[in-house]
Amino acid sequence: FFGSMENMWPANVGQRSPLGSVLGVVCMSLAMGITLGVLLGPTSASTALHTTNRPSLLKSPIRHILPPAPSAPNPCPSSSVNCRVGVFEPLVTKHTTGCSSATTTTPVAPVRLSWLQAAGWGTVAAGFFFFVGALFRKSRQPPAPQDQLLLCTMGGTKQGFGGAAGGPAVLYTPTTGNATGVTGEKGPILAYTMSSTKVEPAEQQTRREIENTQAAVEASARQRHDNRAMNALFVPVLEEQRTPRPCRFTGEKQQLPSDLPRGALLRIGPNGAVGEGFLDGDGMIHCITLPPETDGKSQQPHHSATYVDSCGRVNEQQRGDGSVYNGTLGAAPNGWPLLVSLAQNAIKFKTPIAQKDTCNTALANHKGRILALMEQAPPSEIEVAKSGSVITLCNFSRLDGAVPNDSPITGGCLAAHGRTCPETGERIHCSYGSINRPFIRVDTFEGKTDSAESREDGFRLKHSVGVDIPVPVMMHDIAITRNYVVLFDLPLTVRSSRIFRNSFPVEYEPSNPSRIGLLSRDGTGKVLWFDCAPGVVLHAVNAHESDDGSKVVIHAFRSEPKGTASYILNYTTAFLHEYEIDLLSGTLKERCMNPHTLVEFPVIDERFVGAKVDHVFGSSVSTIGGPSYVHKTPEEGILIDGVVKLALTGPQAGAAVDKYTLPETFYAVSEPTVVPKTSGDGVYVLLIATQVPENDMPFQDAAVSSKSRLLVLDGADLKAGPVTCIELPQRVPYGLHSLFVEWKDMI
């Protein structure tokens, strides 16, 4: 039944037969009706919502909503309000007099539905929903090609599409595969026919050698794995520490470098979700505050660990009975458990928003407006105090209408990664969805202005462009150049219909076409596509245009999963990769720049985003293995032993030119964070490392005994070791991405 659901799913109307569409509506309606009948029929809904709580390891004190500022008036008016907390709850009358209140409950008979009644009403409601969706949903077939597609400009233009700087343009007719011979105002319009490039035998041999080298490097990393240490690093922090606590300097140098910018290092990641998916955990921000000097001496740094007060987390606290959202990502590689978790969340919390907005993936700062991000739900806005505390200002933020109200699980909210253009100050994010076309949305937020800017000016939408692609894919990151946004249309596809075949929506599908796209940054939506080898780019390094504008060079950490579900369940190795696009010939060349070095989390000096940069810093992956005893997914993980510096240009391009290796029993738990020196001469690299005690104690006990440090490394000489070392008062477990917030952006 479920195996045939993809052929009957109403999203495919226009692609399937009318009979298949009707059967899809009927089957889906019955399935939803039966589900509602089982869940709501036997007892009243108010008593059927209790579920088994997660392990006590996840429980934390209920946090109180911050009181209003002292200046805000509170007249405490008298009022009487009748309200119903939920559809199945009794009527509540709340009387407020002055600053005191009393609540009385008016008895109302609980709503009881028979199994047949619940199934019947559920079938009717679901049938109406799917019927309307089938009527108004667009066909899943790709849109008809345009008569002419502007491909690129030549002749040294820096204006991207259109040849505004005097360079001739290229016109291509997709329907015929040929270009028309016409003449432009500034000269003849050059034309060519795009064709796939043949792979020569010598190149095939080189590819096989590279693949063999990569396989040998991975095998060596798996043989050396310390699974006890990895599991200890995955054990979450039991309690948050909202009140900042002082840190202490260790080593010879008892102060920060004078040319290190002052501010706060934030590291976000999932915390909790024991027994579920790692990525199901609530977002926790570890904040290390580095205050300015006083009388030439460094002030004591402080550390705090604070949950993001997401909408889902607040809902859990308001219930007050220990109920929590069920995780969804731990269901991989299956789909039915994910569907059940969503249904239970919707019923338990009486909300159609069944996906919890954990906001645990990444952080973004634009003009002092800081966001905690995930891709399946809108972001939360936070602010960082100079005292070291982190405060959630609002959750489920739509950014003044910039973030659409899309369905949960399907993406389409706001991508976890974006780029800020150093020249214009524009912030660019690319978000993906899996239900409604166009599947890709590229948002450009306003850049620099002549007037004084405040936090409210951050993430103010300038324009949004939809980019349609044949199949929805997970586009986790982008790159930008002066004229283009680089899009990775790679075969990590997102098909919601897989859920009904008991498969996870996200799978690696190498048979799907793989392309690199160049989207014009002018807001017109014009895009060029270039075929490439199948693979996955989860994190891009950077991109830049050649001096004459005829080429675009893209660097990324690329991986190639071994199976459809392996990318979700297992760790897939990543290596430094280069794509070179020749806009004159319309061809793309790609190569692995270093098959010997396992890397993750690329970072560069953000002053060179979109421009040519000589080096990239990355996390050095030392070992790979499993199983994970803390979370269901992923089933295996990695250990990171330091920071590596890879050359991107020159005769050493691709080589690991410098590396800092952590002492034994220490492992990195943050990505490296690059901070420019105030002297203008080079950068510092910030890294959080946690020590796992080397003894025979279980990994749970080893985690509790762990200690963490913040290391400050000189980017020009990593191997020399830390110039400053700060011991934190609390251990930091594994997480995801980091952000450095300058002192001027703190409150």
Run the side chain to side chain contact (heavy atoms under 4.5 Å, CB included) test on E375 and L414 for me, step by step, so that the C-alpha distance in whole Å, both residues' side-chain angles and the decisive distance to 0.1 Å come before the verdict.
CA-CA 6 Å; E375 290 169 351; L414 191 66; over 6 Å; no

Test item: H476 and T361 side chains (from C-beta on) under 4.5 Å apart, heavy atoms
yes

Quick check on K632: does its NZ atom have over 12 non-hydrogen neighbours (other residues, nucleotides or ligands) under 6.0 Å away?
no

Would you say the side chain of L338 lies within less than 4.5 Å of the side chain of I499, judging by non-hydrogen atoms?
yes

Distance (rounded to the nearest 0.5 Å) between I268 CD1 and M284 CE
10.5 Å

Is the F601 ring parallel, tilted or perpendicular to the H539 ring (thresholds 30°, 60°)?
tilted

To the nearest 0.5 Å, what is the distance between OG (S341) and CH2 (W336)?
14.5 Å

With the side chain counted from C-beta on, respond yes when L339 and F500 share a heavy-atom pair under 4.5 Å apart, and no when they do not.
yes

Say you draw a straight line from CD1 of I478 to CG of L487; how long is it, rounded to the nearest 0.5 Å?
7.5 Å

Go through it in stages, so that I can follow the logic: the residues are F278 and F234, the test is ring pair (Phe, Tyr, Trp, His ring centres under 6.0 Å), and I'd like the CA-CA distance, side-chain angles, deciding distance and then a yes or no.
CA-CA 8 Å; F278 171 62; F234 271 115; 5.1 Å; yes

Interatomic spacing from CD1 in I747 to CZ in R455 - rounded to 0.5 Å:
9.0 Å

Taking the side chain as every heavy atom from C-beta outward, state whether F504 and L329 have any atom pair closer than 4.5 Å.
yes

So, do Y325 and F349 have ring centers that fall under 6.0 Å from each other?
yes

Quick one: do E671 and R267 satisfy salt bridge (Lys or Arg N to Asp or Glu O under 4.0 Å)? Show the steps, please.
CA-CA 9 Å; E671 65 181 354; R267 206 298 311 269; over 6 Å; no

Side-chain contact test, heavy atoms from C-beta onward, threshold under 4.5 Å: evaluate it for P733 versus L233 and give yes or no.
no

Would you call L363 and L373 a side-chain contact if the rule is heavy atoms closer than 4.5 Å?
no

Ring center gap for H737 and H417 short of 6.0 angstrom:
yes

Enter the distance from F699:CZ to S706:OG here, rounded to the nearest 0.5 Å.
12.0 Å

Is any side-chain heavy atom of R441 closer than 4.5 Å to one of P404?
yes

For D282, does its backbone N or O pair with a side-chain atom of N360 as donor and acceptor, under 3.5 Å?
no

Salt bridge (Lys or Arg N to Asp or Glu O under 4.0 Å) for R242 and D309? Distances and angles first, verdict last.
CA-CA 12 Å; R242 284 181 170 254; D309 286 324; 3.1 Å; yes

Passes salt bridge (Lys or Arg N to Asp or Glu O under 4.0 Å), K356 versus E316? Steps please.
CA-CA 10 Å; K356 188 178 184 181; E316 292 172 346; 2.9 Å; yes

For C287 and A264, work out which heavy atoms get closest and say how close.
SG-CB, 4.0 Å

Measure from the ring center of H366 to the ring center of F459 and say whether it is less than 6.0 Å.
yes

Are any of the side-chain heavy atoms of S304 and Q241 separated by less than 4.5 Å?
no

Could you check D745 against R369 for salt bridge (Lys or Arg N to Asp or Glu O under 4.0 Å), going step by step and ending with a plain yes or no?
CA-CA 8 Å; D745 291 332; R369 194 175 185 181; over 6 Å; no

Pick out which of T420, T444, N365, D443 makes a side-chain hydrogen bond (donor to acceptor under 3.5 Å, both in side chains) with R427.
T420

Going from CG on L728 to CD1 on I288, what distance comes out if it is rounded to the nearest 0.5 angstrom?
4.5 Å

Distance-only side-chain donor-acceptor flag, T690 / S708, under 3.5 Å:
yes

State, without any angle test, whether E507 and T493 hold a side-chain donor-acceptor pair at a distance under 3.5 Å.
no

Should D357 and R313 count as an ion pair when the cut-off is N to O under 4.0 Å?
no

